[in-house]
Amino acid sequence: MEGQSPIMLKEIEVTKSSLEGKINLFLRICALVLTLVAAAVIAADKQTTVVPIKLTDSLPPLNVPVTAKWHYLSAYVYFVVANVIACTYATLSFIIALANGHKSKLLVTLVTLLDAIMVALLFSGNGAALAIGVLAKKGNSHVRWNKVCHVFDKFCNQVAASCLISLLGSLVFILLVVLPALRLHRRRT
């Protein structure tokens with residue numbers, strides 16, 4: 001790059017900046033879609049199953065319809081809220097990225113900081129949902145919580161799919177945090 005003229009160096013820098021801007025917008029759209037789908041998948045999750053309950057050995061079991069819904073567990077409510085917040089933020093940051101580009105350093109820094117906060121928010125929501133999912137799948141004999149995923153298999157599978165999609169959204173937000181750091185590192189060298 002030593003033998004190149006300053007004009008060519010500027011053109012290369014503009015091309016790199018344009019590509020970084022397109023990657024940034026693409027990642028923001030991915031984050032928006034993934035967090036929206038994760039919230040929608042779990043919000044639509046509901047399963048009703050008839051469960052036989054045996055009161056005594058001498059009586060026949062009572063067949064009771066039981067429904068599993070996402071809003072019955074606070075961990076799943078937190079998961080949905082975290083994904084909705086991340087989706088809303090991804091929409092706003094996409095609009096900001098379209099309008100601003102990389103013109104305002106303060107705005108780029110603020111958006112990067114908020115991207116990092118979204119990573120933390122999504123990972124905490126995923127952790128909460130996955131912890132309850134593991135309890136539902138395996139139970140916990142120490143506190144006498146029984147397994148329920150063998151009864152509500154569709155519900156549990158849909159929660160697992162939603163968690164996986166949300167984890168992918170978290171990884172996209174991590175990329176949105178790492179890319180500006182790489183750009184800063186590249187400029188310093």
### Step-by-step side chain to side chain contact (heavy atoms under 4.5 Å, CB included) determination, V151 to V66
CA-CA 10 Å; V151 177; V66 180; over 6 Å; no
### Steps toward side chain to side chain contact (heavy atoms under 4.5 Å, CB included) verdict (D115, V119)
CA-CA 6 Å; D115 288 342; V119 170; 5.8 Å; no
### Query
Yes or no on side chain to side chain contact (heavy atoms under 4.5 Å, CB included) for I85 and M118, after CA distance, side-chain angles and deciding distance?
CA-CA 8 Å; I85 289 170; M118 290 305 117; 4.2 Å; yes
### Message
Quick one, F155 with V148, criterion side chain to side chain contact (heavy atoms under 4.5 Å, CB included). Give me CA distance, side-chain angles, the key distance, then yes/no.
### Response
CA-CA 10 Å; F155 180 82; V148 294; over 6 Å; no
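The minimum heavy-atom distance between Y78 and A128, with the atom names listed, is CD2-CB, 4.2 Å. Shown here for I165 and L34, the closest heavy-atom pair between the two residues is CG2-O, 3.2 Å. Taking all atoms of both residues into account, the shortest heavy-atom contact from F79 to A129 is CD1-CB, 3.7 Å. The heavy-atom pair separating L135 from N140 by the smallest distance is CD2-CB, 3.7 Å. In plain terms, the two heavy atoms of K154 and D45 that are nearest each other are NZ-OD1, 4.0 Å. Of all heavy-atom pairs spanning V111 and Y89, the tightest one is O-OH, 2.9 Å.
Summarising the geometry, atom CG belonging to L176 is positioned 7.0 Å from atom OG belonging to S93; distances are rounded to the nearest 0.5 Å. Summarising the geometry, atom CG belonging to L168 is positioned 5.0 Å from atom CG belonging to L164; distances are rounded to the nearest 0.5 Å.
When side chains are defined from C-beta on, P61 does not count as touching I53, because their heavy atoms never get closer than 4.5 Å. Residues T35 and N83 have side chains in contact (heavy-atom distance under 4.5 Å, counting atoms from C-beta outward). Residues L113 and T109 are not in side-chain contact: their nearest non-hydrogen atoms beyond the backbone lie 4.5 Å or more apart.
Of the residues I42, V41, I132, the one that meets the side-chain contact (heavy atoms from CB on, under 4.5 Å) test with V159 is I42. Only one option out of R28, K22, E20 pairs with N24 in a side chain to side chain donor-acceptor pair (under 3.5 Å); it is R28.
Between the side chains of S170 and N126, at least one donor-acceptor pair of N or O atoms lies under 3.5 Å.
With sequence neighbours excluded, the residues that form a disulfide (SG to SG under 2.5 Å) with C149 are C156.
Of the possible donor and acceptor atoms, none in the side chain of S166 sits under 3.5 Å from a partner among the backbone N and O of S162.
Under a hydrophobic clustering in which Ile, Leu, Val, Met, Phe, Trp and Tyr are joined whenever their side-chain heavy atoms come within less than 4.5 Å, directly or via other members, L179 and L110 fall into the same cluster. Tracing side-chain contacts under 4.5 Å through hydrophobic residues (I, L, V, M, F, W, Y), one reaches I117 starting from L175; they form part of the same cluster. One hydrophobic cluster, built from ILVMFWY side chains closer than 4.5 Å, cannot hold both V33 and I95; they sit in different ones. Note on L92 and V81: separate hydrophobic clusters, where clusters join Ile, Leu, Val, Met, Phe, Trp and Tyr whose side-chain heavy atoms are under 4.5 Å apart, directly or indirectly. In the hydrophobic clustering of this structure, F173 groups with I29; members are Ile, Leu, Val, Met, Phe, Trp, Tyr whose side-chain heavy atoms approach within less than 4.5 Å, directly or through other members.
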Taking only distance into account, with no hydrogens and no angle test, what donor-acceptor pairs under 3.5 Å do side-chain atoms of residues 67-77 form with protein atoms, sequence neighbours excluded?
from: T67; atom 1: OG1; to: T48; atom 2: OG1; distance (Å): 2.9
from: W70; atom 1: NE1; to: A43; atom 2: O; distance (Å): 3.1

